[in-house]
> 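A single structure is presented below for examination.
Lettering of chains follows the sequences in order, A, B, ..., and the numbering in each one begins at 1.
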Amino acid sequence: MRDVAVIGIGITKFGELWWQNLRELYVEAALKAIKDAGVDHLDSMYVGCMTSGLFCAQEHLGSLMADYLGQKHLPAYRIESACASGGLAFRLGYIEVASGMSDIVLVGGVEKMLTGADATFALASAADQEYEAFHGNTFPGLYAMIAKAHMTKYGTTREQMAAVAVKSHDNGSKNPNAQFPLKISKEMVLNATPVADPLGLFDCSPVSDGAAAVILCPVELAKKYTDTIIKVIGSGAATSTIALHQRDDITFLDAVYQAGKRAYEVAGLKPEDIDFAEVHDCFTIAEICCIEALGFCEVGQGGPFSEAGNTALDGKVPINTSGGLKSKGHPVGATGVAQIVELVEQLRGSAGERQVKNAKRGLAQNMGGSGGSSVVHILEVQ
Amino acid sequence: MRDVAVIGIGITKFGELWWQNLRELYVEAALKAIKDAGVDHLDSMYVGCMTSGLFCAQEHLGSLMADYLGQKHLPAYRIESACASGGLAFRLGYIEVASGMSDIVLVGGVEKMLTGADATFALASAADQEYEAFHGNTFPGLYAMIAKAHMTKYGTTREQMAAVAVKSHDNGSKNPNAQFPLKISKEMVLNATPVADPLGLFDCSPVSDGAAAVILCPVELAKKYTDTIIKVIGSGAATSTIALHQRDDITFLDAVYQAGKRAYEVAGLKPEDIDFAEVHDCFTIAEICCIEALGFCEVGQGGPFSEAGNTALDGKVPINTSGGLKSKGHPVGATGVAQIVELVEQLRGSAGERQVKNAKRGLAQNMGGSGGSSVVHILEVQ
Amino acid sequence: MIVPRHYKEMPQRYRLQGNRCKACGKVFLPPRLVCPCGSEDLEDYSLSWKGKILSYTIIRTPPTQFKYQKPYAVAIVELEGGGTVQCQVTDTSLEEVEIGKEVEIVFRKIFSEGEAGIHCYGYKCRVV
Amino acid sequence: MIVPRHYKEMPQRYRLQGNRCKACGKVFLPPRLVCPCGSEDLEDYSLSWKGKILSYTIIRTPPTQFKYQKPYAVAIVELEGGGTVQCQVTDTSLEEVEIGKEVEIVFRKIFSEGEAGIHCYGYKCRVV
Ligand SMILES: [Zn+2]
Ligand SMILES: [Zn+2]
């Protein structure tokens, strides 16, 4: 398999983008990525999107997006794995380039969530519809159950969860594309409107519109386009039990652990070799569980680890420098690709105010549902 | 890239399967394929499905299906390209095995359409929702427009279209898994309830539940499992303009032409080298346009070519020996994988009453929407 | 459910507001960000309200939200000065709908959506 | 829309009818065709109507079809003799819902669906 590099990135503003529809969001991000890379054609395209069916009554996104991107006849695939759709699309684009089948591949992610559709209902399609959603549970509800169990088992506190949100908003305040680029206080998190106990509004990522895109090519070819070679050095994907109640231990995200393990193996690295990471903080408790499963701290210690500042921009391992899903926004299909965009910004040294010092290796971890699937990538600047 | 073989196949009955839900259909087909291949593990899985979101309010099929297949932690992807979802899933499984990343890959396709949801509405999500479905057009309506234009431009007749349906049902009557395994007459087609003029009920494939699955591995490894090596010798995919009215010529399916062209190039073959084919006959006119775009007859001559018996089981190039979407049924996400299953049955010489004599090379062509995407594979028995 | 989506599309649906590629002249409804010719230099363009039928069908089994309208004709209309649309044929007997017939675009209610019965408006055409 | 789907699930929802792996003893609701241990030798098994709460939450922003029930508790319940379910906690004040509490399964209406207001029934639990 060939070595693969990311040579272009593009992203839209994330937020309530009433004036942009599904195809316009996607094309905006894709055109930016194409220009950023400087490529004059594409060989193939992967579109990560969770549920344009339920939000927009629109499937067949490969055809729609290739058409509106003006790429007549381009082979194009739509990849879905709930909120991990973007990350898995990236993995498949990576495999196609590595295989030798294609040279220039665009991977885009998009979600148009503000359409008038019931977002709570649509997002529940990532859970076991018949045995979770049927009973009235929701996405915040599933993570709330994880939080309750984590608090009981490990003594994790609401204050520790709040520290995660405060940190993410600190970073997001430095990201012009963030949906909520504003700092918040621990008190705001603790006193926010309850959504699903123990989670309040500021524990939850928002409902967002947005798109992101990247261009992949073989490392050998990348030298034609750029001097800063950003290489994909690790990739791993895994699934787990879809329904939360059927898992042996609901506090441990084993799909994240498995995906991370494989990515570390491919890269020949350990968690301590990672300089910074984007992890899937759809809820504050999710970030805590993800950094545990990825080995950035001990299992059960994600709360105290976060509260002590280890995950801050100047901490031991900066987490979600972009602001994360929490502050940047979470257009679900776009999220996994947007994480790669942030990794590239950091590795290029172009992350501005939120730049991590000496960022040489970054990890992106994207997750579907309540942890039923996950995908991890490790990128390194050469 | 490594050579790839198909070593296992599995399929459910197609039809109105009220007693089986989405996950049960998929797992039944997948278990059959695993047993047929004789493999003891899987490395990766691709699930083709169009719109389980609109039919079942269920996304995240990679996680759901890996879980219910008992394959804990298996990397799994859901691929969507409307009615070409299954065929594109097969192509991505093929790329993954060819790349060297995985050895044993399961590709499954599934659709549960009889759920009480409005199937006409759900299927219209394959078209341009905002500029086709919004105006009240439907899938039969789009193909009806193609038919009207084809009749006007080339003189294609209703009788020629009816001949396609009669031939498909002749074949389907020999397929125990077919939804409608019964012979029909030309008069039945011509006098059927009108659906979208000029198409009547017997011009249209039915609404179906069903699933199909295949197992891929490198040719080198295949020898461990079987003496009959069935190799993927060609693969091509393409998209085109999603909205019918924006195409330069609505009678020519250029995504089919492009996908076929690429598959022929990879295989180093011409249309006349193909012994038999499964093509995407969601409507009688679709089969006519597909055999034209694939080069089995001259452009515009698909009608007379079919009426003259060239596509019959004992004709020049037998088309849809399985009964096609028309008689076998069309659970949309399953269709592309079911086409591969039929190719393998024929190449193994195990197609029973519908066996094509000297079947050495078969072609499968799967299509999304009104031709907005297509994928073509060529398989050969070694 | 469709309302915020629909609101976004109003300029296209109410005024046939699309755009036109300055490089190759191709006309688009809805407007595009990039032309298949590769150009991103597109200008606003309001499509003509006159055209002719390229193809059509009579829908006899519609989706739920159109059930009270059946049977109805849907046509592909090529507009004078460029661009094509797909829309219902209204104010015309079904027998009169034929390929090649001249039509004019008219503004109509398309369907009513959801429990609240929100009216969605847009263009149809009629044979002249 | 959900009715034919729901009908299929009735044995599970009305009688907690699942199955059990004869090789490893694991209990499943809904029934499975193959156990993660690899065995396809599973036998019908009706889950117990008694159990205890493993975790829970109070839903305050429900999806549309549950809007009139809010706030309500949803729990993960481990049943005696194997198997777990996720369901609402009913006939119980929200303050009484805690991890470790013993519950019994009861048969209730879950929600009403669609314009026709079809009732969907199934299991809930209550603290005993
Ligand atoms: Zn142009
Ligand atoms: Zn077992």
> Are Asp128(A) and Asp67(B) side-chain neighbours, meaning at least one heavy-atom pair lies under 4.5 Å?
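No, every pair of side-chain atoms sits at 4.5 Å or beyond.
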
> Do the side chain of Thr239(B) and the main chain of Leu74(A) share a donor and acceptor less than 3.5 angstrom apart?
yes

> How many angstroms lie between atom OG of Ser125(A) and atom CG of Leu64(B), to the nearest 0.5 angstrom?
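Reported value, rounded in 0.5 Å steps: 11.5 Å.
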
> In terms of heavy-atom proximity below 4.5 Å to chain A, should Ala122(B) be classed as side chain, backbone, both, or neither?
neither

> Select, from Ser373(B), Ala57(B), Gly53(B), the one with the greatest count of heavy-atom pairs under 4.5 Å involving chain A.
Ala57(B)

> At a 4.5 Å cut-off on heavy atoms, which part of Tyr257(B) comes close to chain A: side chain, backbone, both, or neither?
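Neither part.
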
> Quick check on Cys83(B) against chain A: is it the side chain, the backbone, both or neither that has a heavy atom closer than 4.5 Å?
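No part of it gets close to chain A.
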
> Look up atom CD1 in Ile79(A) and atom CD1 in Ile79(B), then write down how far apart they are to the nearest 0.5 Å.
3.5 Å

> Less than 4.5 Å to any heavy atom of chain B: does that hold for the side chain of Cys49(A), its backbone, both, or neither?
neither

> Enter the distance from Tyr77(A):OH to Tyr77(B):OH here, rounded to the nearest 0.5 Å.
14.5 Å

> Do the side chains of Pro75(A) and Arg262(B) get nearer than 4.5 Å, heavy atoms only?
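The answer is yes; the side chains approach within 4.5 Å.
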
> Which bit of Leu92(B) comes within less than 4.5 Å of chain A, counting heavy atoms only: side chain, backbone, both or neither?
side chain

> So which part of Ala98(B) gets closer than 4.5 Å to some heavy atom of chain A, the side chain, the backbone, both or neither?
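Neither part.
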
> CE/Met1(A) to CE/Met101(B) distance, rounded to the nearest 0.5 angstrom?
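Reported value, rounded in 0.5 Å steps: 3.5 Å.
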
> Could you tell me which of Gly100(B), Ser240(B), Ser235(B), Gly62(B) has the largest number of non-hydrogen atom pairs under 4.5 Å with chain A?
Ser240(B)

> Go through Glu80(B), Met45(B), Arg78(B) and name the one with the most non-hydrogen pairs under 4.5 angstrom from chain A.
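Between Glu80(B), Met45(B), Arg78(B), the count favours Glu80(B).
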
> With a 4.5 angstrom heavy-atom cut-off, which part of Glu96(B) approaches chain A: side chain, backbone, both or neither?
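Both parts, backbone and side chain.
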
> Identify the residue among Met65(A), Arg23(A), Gln58(A) that makes a side chain to side chain contact (heavy atoms under 4.5 Å, CB included) with Ile242(B).
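Exactly one pass, corresponding to Gln58(A).
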
> Could you look at Arg2(A) and say if it's the side chain, the backbone, both or neither that has a heavy atom under 4.5 Å from chain B?
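It is neither, since no heavy atom gets under 4.5 Å.
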
> Top residue by heavy-atom pair count (under 4.5 Å) with chain A, among Lys72(B), Gln246(B), Arg91(B)?
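With the most close heavy-atom pairs to chain A, the winner is Arg91(B).
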
> How many angstroms lie between atom NE2 of His60(A) and atom OG of Ser85(B), to the nearest 0.5 angstrom?
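One gets 8.0 Å once the value is rounded to the nearest 0.5 Å.
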
